[in-house]
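In listed order, ligands and their atoms are each counted from 1.
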Amino acid sequence: MSSVSLSSQLDKVQLQRYLALPQRGLCQVTYVWIDSTGEALRCKTRTLDCEPSSIEDIPEWDFAGTATYQSEGSNSDMYLIPVRMFQDPFTRDPNKLVLCEVLNFNREPTEQNTRFTCSKAMEAAQHFRPWFGMEQEYILQGMDRHPFSWPQGGFPGPQGPYNCGVGADRVFGRDIAMSHYKACMYAGVKIYGTNGESMPSQWEFQVGTCEGIEMPDHLWMARFLLHRVCEDFGVIANLDPKPVQGPWSGSGCHTNFSTEAMREEGGIKHIEDAIEKLKKRHAHHICCYDMHGGEDNKRRLTGHHVTASIDQFSAGTANRDASIRIPRCVGKDGRGYFEDRRPAANCDPYMVTEAIVRTCLLGETNSD
Ligand code: ADP
Ligand code: MN
Ligand code: MN
Ligand code: MN
């Protein structure tokens, strides 16, 4: 099998001819939602008569749940409820991408609709002004599922030269990271930055700084854009937390967090309080921090490759081997934010941010 998809090799000059056609005042809206795996994204597009000026102008829609593993054959229609609107970087203005929540035929949130309870928690914690920034790591794979550009049947040289690397032998697939970055900017996703990661063909982008429910909404749309950009290039973005066994870094989704009180003078006290609360609920958080209730992170949080052991909670200033890191400048200034290094690359950011807010701000404990 070729390592790059056939579709990516179709004649793009032809594509450009059609994409450049005027739309006669009509607007394409692509609805994006999370399917019942809780991990994969789906989308479909419809025409609106005019450009919507806000999310309220986008009508609800539905889809056949059976086709996306989301329901049984009877009562199969599921509702798509638009929650956040972005610009479409693929077909450009005036077209939109719309992130949706999924409701079942009784108009209740589906099991995978983790946004519903997350938004409740964010509302309850609104007065704390909770800010987040999430660092999404991923690897690129060819269509053969081999890490992109790795020698066939072999391995590149050991880790060391690759993190933030430059040069054809040090980073693979920069076109994708760059294209994704621009696509996020155009779409209105709050992308913070990007860098090559420790394993060759591994990358990171950060989304933030976002307040409340904006964080997981923007990260899910950033993931959609990543998969969509990769589709154009004919390769695959893989968010598995430990995609290659052996002496290779896993992929995480470090979550940076602060409240208004933490950001103000003397805020370090509030950071320490929050860490104390997180310590008491380590097991609960591990449960919420990957796609399979902590199972995926067992492969990643080994205590090696700048991770802490999954069984032990630890925290420290400038310590990248800890569960929680206080950045050096935050320790020095006595205020700022902290980084939870435990979430895995395949985490659900609705679950991660909800758990942090409930534990650190809403006083929830193990007995709740
Ligand atoms: P690292 O040094 O861990 O690699 P990055 O530079 O990759 O950190 O990412 C830093 C993240 O911290 C960004 O996502 C940014 O939005 C977030 N961040 C910065 N300041 C704050 C803050 N006060 N509260 C919450 N998140 C913050
Ligand atoms: Mn980072
Ligand atoms: Mn990283
Ligand atoms: Mn980090």
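No close placement of the F257 and Y337 rings is indicated, their centers lying 6.0 Å or farther apart. Checked against a 6.0 Å centroid threshold, the rings of F172 and W150 do not count as neighbours. H285 and F313 have their aromatic ring centers separated by at least 6.0 angstrom.
A cation-pi arrangement is present between R107 and Y79 under the rule of less than 6.0 angstrom and at most 45 degrees off the ring axis. Cation-pi geometry between K242 and W248 is not satisfied (NZ or CZ under 6.0 Å from the ring centre, within 45° of the ring normal).
Close approach of ligand 1 to M134 (heavy-atom distance below 4.0 Å) involves ligand atoms 14 (O). Near E339, meaning under 4.0 Å from any of its heavy atoms, are these atoms of ligand 1: 3 (O). Against a heavy-atom cut-off of under 4.0 Å, F132 is close to the following atoms of ligand 1: 26 (N). Atoms of ligand 1 found under 4.0 Å from any heavy atom of E135 (numbered from 1 in listed order, with element): 1 (P), 3 (O), 4 (O), 5 (P), 7 (O), 8 (O), 9 (O). Each of the following atoms of ligand 1 lies closer than 4.0 Å to a heavy atom of G133: 14 (O), 16 (O), 17 (C), 26 (N). Each of the following atoms of ligand 1 lies closer than 4.0 Å to a heavy atom of S258: 22 (C), 23 (N), 24 (N), 25 (C). Near G208, meaning under 4.0 Å from any of its heavy atoms, are these atoms of ligand 1: 16 (O). Each of the atoms 7 (O), 9 (O), 14 (O) of ligand 1 lies under 4.0 Å from some heavy atom of Q206.
Judged purely by distance below 3.5 Å, without hydrogens or angles, the side chains of Q28 and D88 never pair a donor atom with an acceptor atom. In this model, no donor atom of one side chain and acceptor atom of the other lie less than 3.5 Å apart for W203 and E197. Y289 and D340 are linked by a side-chain donor-acceptor pair at a separation below 3.5 angstrom, with hydrogens and angles left out of the test. Looking at T359 and R281, their side chains do bring a donor and an acceptor atom within 3.5 Å of each other. No side-chain donor from either of Q16 and Q14 sits under 3.5 Å from a side-chain acceptor of the other. A donor-acceptor contact closer than 3.5 angstrom is absent between the side chains of E111 and N113.
Contacts between R320 and ligand 1 below 4.0 angstrom, taking non-hydrogen atoms only, involve the side chain exclusively. In M262, neither the side chain nor the backbone holds a heavy atom less than 4.0 Å from any atom of ligand 1. Contacts with ligand 1 closer than 4.0 Å are made by backbone heavy atoms (N, CA, C, O) of V207 only, the side chain lying farther away.
In E204, the N, O or S atom that comes nearest to the Mn ion (ligand 3) is OE1. In E137, the N, O or S atom that comes nearest to the Mn ion (ligand 3) is OE2. For H254, the N, O or S atom closest to the Mn ion (ligand 4) goes by the atom name ND1. Taking the Mn ion (ligand 4) as reference, the nearest N/O/S atom within E339 carries the name OE2. Nearest to the Mn ion (ligand 3), among the N, O or S atoms that E197 has, is OE2.
Cluster annotation: L140 is connected to F233 through the hydrophobic network of ILVMFWY side chains, with a link wherever side-chain heavy atoms come within less than 4.5 Å.
Nearest residue to atom 18 (N) of ligand 1 from T194, N195, T209, I191 is T209 (criterion: closest heavy atom).
Looking at D217 and R84, a side-chain N of the basic residue comes within less than 4.0 Å of a carboxylate O on the acidic one, giving a salt bridge.
Residue E204 has at least one N or O atom closer than 3.5 Å to an N or O atom of ligand 1. For H254, no nitrogen or oxygen atom sits less than 3.5 Å from a nitrogen or oxygen atom of ligand 1, counting backbone and side chain alike. Backbone and side-chain nitrogen or oxygen atoms of Y192 are examined, and none is located within less than 3.5 angstrom of a nitrogen or oxygen of ligand 1. Between R325 and ligand 1, an N or O atom pair is found at a separation short of 3.5 Å.
Between the side chain of N104 and the backbone N or O of E108, at least one donor-acceptor pair lies under 3.5 Å.
Scanning the protein for heavy atoms near atom 11 (C) of ligand 1, the closest one is N256 ND2, 3.3 Å.
E135 lies apart from the Mn ion (ligand 3) in this respect, since none of its N, O or S atoms is found at a distance under 2.8 Å.
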